[in-house]
Amino acid sequence: LHYQTAIEMRTKQTIAIIGLGELGKRLGTAFAVGKDRVLLFDKDELEARSLAAQLKESHANYDIEALTCSADACWEADVIILTVANEEQANVANYIREYANQKIVVNTSGDHNEANDLQQLLPHSRIITAFHDLPTRLAGNAINTECNVDGEDADAIEIIAELARLMDFKPVTRGCTKQVSTDETILVG
Amino acid sequence: MYDVLFTKLAEKISLTQEETDLFKTFLTPKKLRRKQYLLQEGDVCKYVAFVEKGALRSYTTDDKGSDYILQFALEGWWISDMYSLLTGEAATQNIDAIEDSELVLISKAAQEEIMQRIPKYEHYMRLLLQNAYIAAQRRINNMASLTTEDKYKKLVDTYPDIVQRVPQHMIASYLGLTPETLSRARKQMSRK
């Protein structure tokens, strides 16, 4: 089962996953079916290296790499997904602020107050809230369920909605003047 | 991270510290590894890119899969598919990195906002586009009127860094020659 969308991009994006807890690992694994380049960072370097090696082995064409510096990963990335614990968020944000300027940063806490805090910490980044309940859904083999993608930047919402579709979720957007239509999603298999 | 950009800007316009700080808030720093794409044909171009470090090229590909290089961009140069950026239509060019590169990207919306809030930048862009137009005209004239040897000599004289850093087959493509023709021309020139 997969979806074909009307906005498929040809240029490969680079996605940095900062923090490899359960959600970070699941996202890293889920993106293997796409064509984007994925950079993994965790303060436990061995954890990041081992996940990258394991995914590369199971998906030979997966462009995935573990980096030892979160700032480097964010410098290279187009999309930054923060999956660090809430209490670590401020430290990480301070460290990556310069490199995350004008980039999409995904807040995965699911808490809109946290998203507002993150926006204050990264004032010139495009903050999107998404993916917070993914582990539960993916673990439950839930397919074709809705996935909230919230934020203020229409283009950023569209890009994250596309990542949600990649994982067979139906993006539902809020907090944006331009709604992402789910009608353009055509079930093909 | 933005040293080369602000040095280049300072050659044409003088920004206050306040304007520089404001300008930086609109910039997207981006690292690109060798052979990675900044833009692929068919996507809409959303950025102009300034090269802080490294080298990029833009090119088109014909039906037979042959590449035609339109532009190189080394440190201090700008590169984009301006047609796609300005019209919102799909890009006809590919842009990729010839070397590991550090770029500064400015989106179309950010460009507009910078020009509105820092009018000096509009003046800078006018000069930049003017020079780009002159360079494009010169390139068309050279392609139409110069001999193979003169085309290469002109490139060596005008952009010695490109000849030093870019592989010969790419130079040949940029000059509209086959690699073999370029190789023969270089041999003949070295004998003179």
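Proteins get letters first, then strands, A, B, ... in listed order; numbering begins at 1 in each. Keep in mind that the numbers below use all heavy atoms, side chains included, and drop hydrogens, waters and symmetry copies. Just so you know, these numbers come straight off a predicted model, no measurement behind them.
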task: Please flag which part of B:L38 lies under 4.5 Å from any non-hydrogen atom of chain A: side chain, backbone, both or neither.
output: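 Just the backbone, heavy atoms under 4.5 Å.
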
field: Contacting moiety of A:Q13, where chain B heavy atoms sit under 4.5 Å
entry: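 Nothing of A:Q13, per the 4.5 Å heavy-atom cut-off to chain B.
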
- request: Tell me, for A:R97 versus chain B, whether the close heavy atoms (under 4.5 Å) come from the side chain, the backbone, both or neither.
  value: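 For A:R97, there is no contact with chain B at all, as no heavy atom is under 4.5 Å.
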
message: Can you see whether B:Q137 engages B:N141 through a side-chain donor-acceptor pair at a distance of less than 3.5 angstrom?
response: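 No.
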
message: Under a plain distance cut-off of 3.5 Å, with no hydrogens placed, do B:Q93 and B:Y59 share a side-chain donor-acceptor pair?
response: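 Short answer, no.
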
query: Heavy-atom distance under 4.5 Å between the side chains of A:V38 and A:L40, does that happen here?
result: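 SC-SC contact between A:V38 and A:L40 confirmed.
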
message: Can you tell me how far apart OG1 (A:T11) and CD (B:E41) are? Round to the nearest 0.5 Å.
response: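 Here the rounded value is 10.5 Å.
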
message: Which one wins on heavy-atom pair count under 4.5 Å against chain A: B:L103, B:L39, B:N94?
response: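 Of B:L103, B:L39, B:N94, B:L39 has the most heavy-atom pairs under 4.5 Å with chain A.
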
